[in-house]
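Let me begin by presenting the structure, written as structure tokens, before commenting on it.
Just the heavy atoms: all of them, side chains too, but no hydrogens, waters or symmetry mates, feed the values below. Below, chain A is the first sequence line, B the second, and so on; all start at residue 1.
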Amino acid sequence: MNLEQTSLKTLSRDLHQKNISSVALTQSYLERIQSFSELNAFITVDPDKALAQAKLADARLARGEGGPLTGIPIAHKDIFCTKDWRTTCGSKMLSNFIAPYDAHIVQRYQSAGMILLGKTNMDEFAMGSSNETSYYGPVRNPWNLQKVPGGSSGGSAAAVAARLIPAATASDTGGSIRQPAALCGISGIKPTYGLASRFGMIAFASSLDQAGLMAPSAEDLAWLLNDLVGHDPRDATSLNRTTEDYTKHLEQPINSLKIGIPTAFMGSGTHPEILKAIEAALAHYQQMGAQIIELDMPHLSLSIPVYYVLAPAEASSNLSRYDGIRFGWRSQEARTLSDLYALSRGEGFGAEVKRRILIGSYVLSQGYYSAYYLQAQKVRRLIAQDFTHAFERCDVIMGPTTPTPAFNLNTQRSNPVEMYLSDIFTIGVNLAGLPGMSIPAGFTSDHLPVGLQLIGPHFSEAKLLQAAHQYQTQTHWHQQFPSGEPA
Amino acid sequence: MTITLEQLQHLAKLSHLALTPTEQINIQNDFGAILSLIDQLAATQTEGVAPLHNPVEMNQILRPDVVSENNERERLLSIAPLTHEGAFLVPQVIEHS
Amino acid sequence: MNWEVVIGLETHVQLTTLSKMFSGSSTAFGQPPNTQACAIDLGLPGVLPTINQQAVFLALRFGLAVQGKIPPYSIFARKNYFYPDLPKGYQISQYEHPIIQGGGVTINTEQGHKIIPLTRAHLEEDAGKSIHGILPGYTAIDLNRAGTPLLEIVTEPVMHSAKEAVLYAKTLHRLVTWLGICDGNLQEGSFRCDANVSVRPSGSITLGTRCEIKNLNSFRFLEQAVNYEIQRHIDILESGGSITQETRLFDPDRQETRSMRSKEEAMDYRYFPDPDLLPLVISEQWLKEAADALPELPEACQQRWQDQYDLTAYDTEQLTQSKAMADYFERLVQTQPPQAKNYANWILGDLSALLNRTETTWEQCPVPAEALGQLVQRTEDGTLSSKMAKIVLEKLAQEGHSVDYWITHLGLKQISDPAALEQLILKLIQKYPTQVAEYRSGKQKVFAFFVGQAMKASQGQANPTHLTTLLQKHLSGPA
């Protein structure tokens with residue numbers, strides 16, 4: 001079976017028409033995961049559990065039961081808790097952690113009948129933009145094994161790009177879905193904050209974290225999104241609103257869609273070949289009838305400093321529960337309580353996590369709270385207002401997802417801020433809680449993918465998916481896959 | 001500008017993180033770069049701007065007062081590193097100094 | 001030098017919810033370790049808090065009762081510190097925006113009423129418990145209590161003696177139990193005080209350095225700890241020393257306070273709004289529901305009873321020691337208002353004594369109010385003597401049944417019928433002619449002999465008042 005050129009729609013049809021069984025499909029993907037193991041996209045794969053689920057799915061399909069996603073394999077980012085499966089969050093701290101519950105998102109796709117093949121690699125506690133902070137080793141970009149896949153959802157992105165899985169879950173705190181989707185040449189969506197429950201998603205920065213999805217096409221994402229959204233009483237920030245069918249408007253033409261381009265996104269800081277690809281994509285939209293306007297968003301440039309105050313602040317507190325007492329890594333060297341804390345955490349956390357905990361502690365501590373934390377929350381509102389004003393003038397904001405294509409593994413940097421800057425276009429969306437997507441929009445001359453970012457007002461997922469799908473009906477970028485043969 | 005080693009050690013103590021001397025030096029250097037990044041915020045005029053704690057501002061939904069959790073002690077304790085007769089164990093805590 | 005003592009109290013009141021502040025675990029006391037601690041209470045990765053509506057509702061009830069300000073919204077904040085009984089490494093509390101601001105509690109001192117102003121009251125979650133001495137070298141952690149809803153009630157530093165602090169604590173204790181927001185069980189830790197104590201030279205306007213004594217779970221310990229601390233401060237200051245601001249613990253065995261941690265080690269709690277929770281908006285509708293659920297407060301009750309039933313201030317104060325006792329009285333007095341004083345005497349006298357002796361609470365009072373009403377009725381109509389009534393009260397408490405059942409069953413009915421008593425007296429006059437003659441010749445002492453004989457003949461059931469009158473009449477005149 002041709003796993004490279006498939007979609008959820010065709011897989012669903014083939015399963016329901018019994019052209020293929022879920023067991024056979026699962027087996028094929030498991031073999032492909034095995035042959036592409038050098039990508040290091042997965043932290044845990046469990047063929048036995050996967051095949052057992054596939055058998056159950058086949059039984060349901062045989063009885064004429066099951067929904068559109070029943071029997072289709074999926075992978076979860078290892079940030080989502082899974083009962084009976086280890087959940088590491090990319091950290092040594094959780095190297096032996098088996099959650100006694102499933103994350104909301106895991107439950108949702110399980111009840112939809114999807115087959116869990118494995119847990120994907122990620123930056124430790126989702127802190128990173130290259131997947132190099134994972135305790136389980138870096139993920140390689142399937143388009144070029146010397147390049148990073150992006151992060152923090154690098155495993156999910158690489159797995160989908162290499163067609164090791166038809167779709168994967170991911171999470172996005174500052175760009176962790178969109179940035180790796182762009183660098184790996186796939187489609188990814190980060191829904192509106194609160195649209196999908198955070199229950200069972202290991203917290204990094206609670207007011208920014210959002211579960212989302214990755215797949216080759218926008219159409220695949222729409223199929224998946226229907227099962228993701230909805231109120232969950234276990235998450236106090238989960239929104240309670242009527243659900244909609246995200247596949248419904250996909251085929252409608254975009255007509256006179258108004259696209260806003262923030263001038264800052266298209267400046268000299270962005271790689272010229274990326275600018276070129278984005279300009280071509282925008283021209284394509286114009287051909288489809290869209291209008292392009294320029295946007296001045298004066299506070300957007302402050303997204304990174306705001307983010308690097310707020311995210312570490314929330315993280316420093318969220319990560320206090322890792323103390324070696326009730327679960328997780330516990331130092332064997334500790335003789336006193338204070339050593340138990342300091343050594344378990346010192347041994348269990350990697351460098352980037354420690355750095356962010358310390359920064360977070362600093363910006364919240366006495367004497368610094370107002371200057372950093374409170375000021376950042378105020379500037380955050382100004383950034384959110386910039387978006388509100390922008391959406392009074394346009395339907396969708398577009399631009400590049402990243403300033404550069406995938407960079408080399410082990411790039412030497414003089415300080416961590418250089419890496420932080422790779423999220424410059426994605427972070428504002430999280431600060432304002434907006435939905436955002438990245439879709440493939442071409443390649444550089446080195447044949448590295450370029451991502452086009454789409455941003456909409458709160459709850460405009462259907463609109464974004466429609467705009468993305470319409471582009472994908474006329475372009476072929478999303479159908480490209482790395483030609484690499486198994487090593 | 002960065003923080004002093006003393007400040008860093010204080011933060012490490014607050015955060016209960018054991019740091020090697022090398023880690024301390026690296027992180028102290030990183031702090032310089034990160035502080036110059038976040039110090040950019042100071043220049044923005046924010047008088048009269050309310051902080052935005054949560055991107056979707058709405059009313060909190062509350063939970064009815066119902067006991068919905070059962071005793072799952074054995075399952076929950078099975079993932080703990082060290083337990084004794086249903087309790088978690090830590091090195092002896094000295095209450096009075 | 002004369003010293004002025006300044007005391008402020010922070011009281012942690014466990015709220016009477018079925019489930020925890022942020023999870024669906026039970027709050028029941030005294031269960032085996034960690035059997036009431038779910039993944040949320042344990043702070044496992046990925047779990048989230050959700051706010052218990054009833055806890056909010058109970059806090060509002062308190063706010064209305066103390067006439068505090070209830071802002072349109074309040075915010076839950078994280079208080080960050082590490083301790084083994086604090087699973088998440090932070091406590092969810094309220095900091096800059098508490099649910100209740102201000103308000104006051106009126107205490108009744110020997111000099112009259114005094115209002116103790118409150119700074120604030122805020123919602124938070126309780127910590128678990130550390131258990132020492134189970135295994136050598138280890139402390140065991142039980143998280144059953146972790147997440148139990150607390151209302152922390154903070155006074156201004158306005159109290160000036162241990163006695164006054166205890167009076168406030170007792171008044172607050174009565175209020176929170178009266179409101180039904182706390183079970184008030186001190187032994188189980190449902191009501192715990194932290195006392196901030198400082199002294200300053202009389203007349204000084206700046207506050208002295210304070211020490212905080214943590215976790216005082218009895219009124220006696222509160223008094224002892226504060227008195228010890230006052231003396232310790234004065235001793236240090238008078239010998240030229242200075243006070244170190246610190247947190248202290250009271251050791252009831254040695255009756256002294258000891259340093260827990262000093263200010264140099266004082267924690268930087270790094271409070272910030274909990275991003276897992278949205279601002280808690282208090283609607284008008286809620287406030288109305290809370291106000292509707294608010295019972296008549298003890299002070300109002302006292303005044304009303306004094307006005308309606310002509311009771312003394314002392315009696316009404318005593319009758320409102322607990323809501324259950326007051327309710328008991330209320331049930332009684334509504335049926336027979338003129339008997340109010342009688343009811344009060346019974347409740348505060350024999351019934352209180354009986355409950356004390358049997359270690360029973362008013363909630364569990366074995367004698368229903370209706371039965372006590374009947375008992376009073378039967379003494380008023382002369383059926384029972386007060387001595388007999390006491391016997392019946394004991395029987396009611398021990399075995400139940402009705403008052404009339406016991407009157408019949410024990411043959412306790414008092415003989416007040418003049419004809420029956422006269423018949424009895426005439427028989428005695430016939431039987432003891434010698435003694436009659438002695439009485440009539442002026443030997444008054446013989447009267448007691450006849451009372452005794454009459455009681456004996458009636459098996460103690462003769463109504464003593466009626467008997468005396470009739471005896472006097474028949475003995476003095478010629479037969």
Please determine whether side-chain contact (heavy atoms from CB on, under 4.5 Å) holds for the pair B/T22 and B/N26, giving the CA-CA distance in whole Å, both sets of side-chain angles, and the decisive distance to 0.1 Å.
CA-CA 6 Å; B/T22 319; B/N26 288 342; 4.0 Å; yes
Whether the side chain of B/E23 engages the backbone of B/I25 through a donor-acceptor N/O pair (distance < 3.5 Å, no angle test) should be reported.
no
From A/D84 CG over to A/D102 CG, what is the distance, rounded to the nearest 0.5 angstrom?
7.5 Å
Engaged part of [X] at the chain A interface, taking heavy atoms whose separation is under 4.5 Å:
X	result
B/E72	neither
B/I27	side chain
B/R75	side chain
B/Q60	side chain
B/I3	side chain
B/A12	both

Just checking A/H104 against A/F199, ring centres under 6.0 Å apart?
no
I'd like to know whether the aromatic ring centres of A/Y307 and A/Y420 sit less than 6.0 Å apart in this structure.
no
Name the member of [options] that forms the most heavy-atom pairs with chain B at distances under 4.5 Å.
options	value
A/L239, A/V363, A/L343	A/L239
A/Y373, A/Y193, A/Y308	A/Y193
A/N430, A/L302, A/N415	A/L302
A/Q377, A/R335, A/E418	A/Q377
A/L310, A/L337, A/I304, A/T192	A/L337
A/V379, A/L374, A/L208	A/V379

May I ask you to check whether A/E347 and A/S331 show a side-chain donor-acceptor distance below 3.5 Å?
yes
Any side-chain donor-acceptor pair under 3.5 Å between B/S15 and A/S361?
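The criterion, which ignores hydrogens and geometry beyond distance, is satisfied for A/S361 and B/S15.
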Going through the checks in order, is the ring pair (Phe, Tyr, Trp, His ring centres under 6.0 Å) test met by A/F125 and A/F204?
CA-CA 6 Å; A/F125 284 99; A/F204 161 17; 8.9 Å; no
One option among B/S78, B/G32, B/A50 has the most heavy-atom pairs under 4.5 Å with chain A, and it is B/A50
